[in-house]
A.B. asks: 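The following block contains the structure, expressed as structure tokens.
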Amino acid sequence: MPLTTWIKAGMSATALVLASAGTASAAPAEQPDARAAVVTLRYDDSRAAGWEAAVAAGVASWNASVTNVKLVEAAPGGAAEIVIVATSGWPQATLGPVRPGRQVRVELGSQAVNDGYNKTRIAAHELGHSLGLPDTKPGPCSQLMSGSSAGTACTSAVPNATERSRVQSNYANALAASVVTDGRTMVDAS
């Protein structure tokens, strides 16, 4: 066989090996069973009259943004990790991350609404405290945890990538039950 034929054959074999190696490395990595890693937290908004739609929207925002913790409405009269009440003061919440079987309190204060802040943003922000996120004041509207420092024109109720990542970390591998909540109360007055 002439040398050029051997070279062409060798190059074809090398290309085949490289192509095969590229294909093998492009295969998706094995994903952990996400169902086993989900922490379910129940919330009770039965004492949050006038805030139900905002709470539902805030819960939906968090549930769409993170995968290893899920917020679900508690059965009437049932136990809940997150107790949500309407108040006349400034919004505030116990800083978590709350763990299954433990309890935190969220107060959705009408004073912030009277000053022009968005109800859904308030609800999502306070739920963020329950999930272990402190305030990031001052901050832009793109940071849910910037709270009132983003101004009354800000209506975004969606956590940004950093906030989502922190909550994911707080509930990683469903080991959330082994860590005690922080317990501080975060008051969101401007």
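Numbering starts at 1 and runs along the sequence shown. Quick note: numbers below take in every heavy atom, side chains included, and nothing from hydrogens, waters or symmetry partners. A quick note: this is a predicted structure, and the numbers were derived from the prediction, not measured.
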A.B. asks: Looking only at non-hydrogen atoms, find the nearest pair between Ser65 and Val158 and report the distance.
C.D. replies: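 Residues Ser65 and Val158, closest heavy atoms: OG-CG1, 4.4 Å.
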A.B. asks: For Pro100 versus Val39, what's the shortest heavy-atom pair and its separation?
C.D. replies: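 For Pro100 and Val39, the tightest heavy-atom pair comes out as CG-CG1, 3.5 Å.
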A.B. asks: Taking C-beta and beyond as the side chain, do Val104 and His129 meet within less than 4.5 Å on heavy atoms?
C.D. replies: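 A side-chain contact under 4.5 Å is absent here.
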A.B. asks: Glu163 side chain to Met145 main-chain N or O, any donor-acceptor pair under 3.5 Å?
C.D. replies: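 Yes: the side chain of Glu163 pairs with the backbone of Met145.
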A.B. asks: For residues His125 and Leu144, report the shortest heavy-atom separation together with the two atoms involved.
C.D. replies: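 Minimum heavy-atom contact is ND1-O, 2.9 Å.
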A.B. asks: Which pairs with one or both residues in residues 71-105 pass disulfide (SG to SG under 2.5 Å), sequence neighbours excluded?
C.D. replies: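 Applying disulfide (SG to SG under 2.5 Å) to every pair that reaches into residues 71-105, excluding sequence neighbours, yields nothing.
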A.B. asks: Do you know the tightest heavy-atom contact between Asn63 and Val69?
C.D. replies: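 Taking Asn63 first and Val69 second, the nearest heavy atoms are OD1-O, 4.2 Å.
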A.B. asks: Just grab all the salt bridge (Lys or Arg N to Asp or Glu O under 4.0 Å) pairs involving residues 43-65, residues at least two apart or on different chains.
C.D. replies: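 Sorted result for residues 43-65: empty, none.
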A.B. asks: Pairing donors with acceptors under 3.5 angstrom, does anything connect the side chains of Ser148 and Arg121?
C.D. replies: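 No, no side-chain donor-acceptor contact under 3.5 Å.
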A.B. asks: Counting N and O atoms only, with roles assigned by atom type, does the side chain of Trp62 sit under 3.5 Å from a partner on the main chain of Ala124, one being a donor and the other an acceptor?
C.D. replies: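 Side chain of Trp62 to backbone of Ala124: a pair is present.
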A.B. asks: Between Arg42 and Glu81 (side chain of the first, backbone of the second, donor and acceptor by atom type, cut-off under 3.5 Å), is there such a pair?
C.D. replies: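 No; judged by distance alone, with no hydrogens or angles, the pair does not exist.
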A.B. asks: When you check the side-chain N and O atoms of Thr67 and Gln168, is any donor under 3.5 Å from an acceptor?
C.D. replies: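 A pair is found: one side chain offers a donor N or O, the other an acceptor, under 3.5 Å apart.
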A.B. asks: With a sphere of 6.0 Å drawn around CZ of Arg166, does it hold more than 12 non-hydrogen atoms of other residues, nucleotides or ligands?
C.D. replies: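 Counting other residues, nucleotides and ligands, CZ of Arg166 stays at 12 neighbours or fewer.
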A.B. asks: Grab the two heavy atoms, one from Tyr171 and one from Arg99, that are nearest each other, plus how far apart they are.
C.D. replies: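 Distance-wise, the nearest heavy atoms are CE2-NH1, 3.6 Å.
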A.B. asks: Using modelled atom types only, decide if a donor and an acceptor are shared between the side chain of Ser146 and the backbone of Pro140 within a distance under 3.5 Å.
C.D. replies: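 Here the side-chain-to-backbone pair exists.
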